[in-house]
Amino acid sequence: MAEVRLVDIEKRYGGFLAVPKQSLTIHEGEFLVLLGPSGCGKTTTMRMIAGLEDITAGDILIAGARVNDKPPKDRDIAMVFQNYGLYPHMTVRQNIDYPLKLRGMNLADRKARVLETAAKVELDALLDRRPSELSGGQRQRVALARAIVRTPSIFLLDEPLSNLDAKLRVTMRAELKHLHHELGVTTVYVTHDQMEAMTLASRVAVMRDGRIVQLDTPKKIYAEPADLFVAGFIGSPSMNLIDGHISGGLFRADGVELPVDLADRDGVVLGIRPEELDITHDTGAAISGKLYALELTGESTLVTLRNGPSSVCARGHADFEAEIDSPCHLKPRTGARIHLFDRETGERLG
Ligand SMILES: Nc1ncnc2c1ncn2[C@@H]1O[C@H](COP(=O)(O)OP(=O)(O)OP(=O)(O)O)[C@@H](O)[C@H]1O
Ligand SMILES: [Mg+2]
């Protein structure tokens, strides 16, 4: 367990600035998730913490000690790489056992530990195969098992569940959450999957173009996204973002009129989540249009209505039915959060 501090770190690849100067403190025992689109610098940040990538400027401190010049093996880190990084000539058993062997644990303890860990990631039946004889998801689980087989000071997990099927992903997510509860190891976890970020994280760092644009608890990020980018990235289906303007205390766009607490201005984007909209028969409702699509998800129906170019999605009852192209009206639920952003800068207003 250790605190990790990134102080004014920067990473350049030749002339390309992958991570511009920034700082981040990952608290001792925290589960921090780096979330952001492809190419935003998540893996680069992880590799700098692990010592696999030199930093161009700044300092990295682990448990208060500067580690800039420490090789990866001296940082007491266990890592899952995005490309697995398995030893091809070793069996699954040997791959998982390797970190224990390296640390000189006795054979009997190692055997027990490997079996226990393999069971956690549902690999017990595949222990004698080599990586080339495994599917992508199975390889990924070997990588995960190799990381969690011992208790390091820090876990760095780069999309460790990305290749698993939906069911296994949910099982493994719970497994990781439990493991973190049990061991309390400081964990940095990379994902594209906002659901994974929300469910696992103590705090989420949302990244864009190498920069952290918001660092907060999942609750706060969901309830109060700092800008348009975060608003659109967190939540599934994503937040409705409607282009319009404010006049006379109302946000206005085609088919939309919603009271807001902001002075008149142009170039405003209003955000409201699908789960905070109700379908109504009231023709004077805040949002009106024609029904465009109905998608049953099981526990609910996603209702999309269109008005001109803009579409708005609401999460309705599973048994909601209506004719496509029929008039449709939506109203915010009581207590619904209305978010307002500046269209140009993306910044949150009010
Ligand atoms: N060795 C390298 N040389 C040059 N540019 C690189 C190198 N490694 C990464 N980059 C660039 O740095 C940026 C960040 O890459 P990084 O791998 O950290 O992204 P990522 O957030 O992990 O993306 P993904 O979600 O696709 O894995 C990208 O624009 C990438 O092209
Ligand atoms: Mg990556």
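We count ligands from 1, going down the list as the structure has it; atoms in each ligand are counted the same way.
Contact record, Thr91 with Arg130: N-NH1, 4.1 Å, taken as the closest heavy-atom pair.
Checked against a 3.5 angstrom limit, the closest N/O atoms of Ala18 and ligand 1 fall outside it. For ligand 1, the polar-atom distance check finds no N/O of Thr45 at less than 3.5 Å from any of the ligand's N/O atoms. Below 3.5 Å of separation, one finds an N or O of Gly41 facing an N or O of ligand 1.
Among protein heavy atoms, atom 26 (O) of ligand 1 sits closest to Ser38 OG, 2.5 Å. When hydrogens are left out, the protein atom nearest atom 1 (N) of ligand 1 is Tyr13 CE2, 3.5 Å; that is the closest non-hydrogen contact. Ranking the protein heavy atoms by distance from atom 14 (C) of ligand 1 puts Gly39 O, 3.4 Å first. The protein atom (non-hydrogen) at minimum distance from atom 15 (O) of ligand 1 is Thr44 OG1, 3.6 Å. The single protein non-hydrogen atom nearest to atom 30 (C) of ligand 1 is Phe16 CE2, 4.5 Å, given as residue, atom name and distance. Among all non-hydrogen protein atoms, the one lying nearest atom 22 (O) of ligand 1 is Thr43 OG1, 2.7 Å.
When the options Glu196, Lys42, Glu159 are evaluated for a side chain to side chain donor-acceptor pair (under 3.5 Å) with Thr191, the one that passes is Glu196.
In this structure, Lys11 is positioned above the aromatic face of Tyr13, its NZ or CZ under 6.0 Å from the six-membered ring centre and within 45° of the axis. Stacking of Arg146 on the aromatic ring of Tyr84 is not recorded, the 6.0 Å distance cut-off and the 45° axial limit not both being met.
For the ring-ring contact (aromatic ring centres under 6.0 Å, His included) condition, no pair includes a residue of residues 288-341, sequence neighbours left out. Applying the ring-ring contact (aromatic ring centres under 6.0 Å, His included) test to pairs two or more places apart or on separate chains, those with a residue in residues 232-252 are Phe229-Phe233. Residues in residues 166-179 take part in these side-chain hydrogen bond (donor to acceptor under 3.5 Å, both in side chains) pairs, two or more places apart or across chains: Arg169-Asp193, Arg173-Thr199, His178-Glu182.
Counting heavy atoms from C-beta on, the side chains of Val312 and Asn307 never come closer than 4.5 Å. Side-chain contact between Val33 and Tyr189 is present, with at least one heavy-atom pair separated by less than 4.5 Å. Side-chain atoms of Arg93 and Lys111, non-hydrogen and from C-beta on, never get closer than 4.5 Å to each other.
Listed by number with element, the atoms of ligand 1 under 4.0 Å from a non-hydrogen atom of His192 are 25 (O).
At a cut-off of 3.5 Å, with distance as the only test, a side-chain donor of Glu299 or Thr297 sits close to an acceptor on the other residue. A donor and an acceptor atom, one from each side chain of Thr44 and Glu53, are nowhere located under 3.5 Å apart.
Ranked by closest heavy atom to atom 27 (O) of ligand 1, the top entry among Lys42, Met46, Arg47, Gln82 is Gln82.
Around the Mg ion (ligand 2), the protein atoms of type N, O or S found under 2.8 Å away are Thr43 OG1, Gln82 OE1, listed by chain and number.
Using a 4.0 Å cutoff on heavy atoms, Cys40 counts as a contact of ligand 1.
Residue contacts with ligand 1, taken as heavy atom pairs separated by less than 4.0 Å, involve Glu159 solely via side-chain atoms from C-beta onward.
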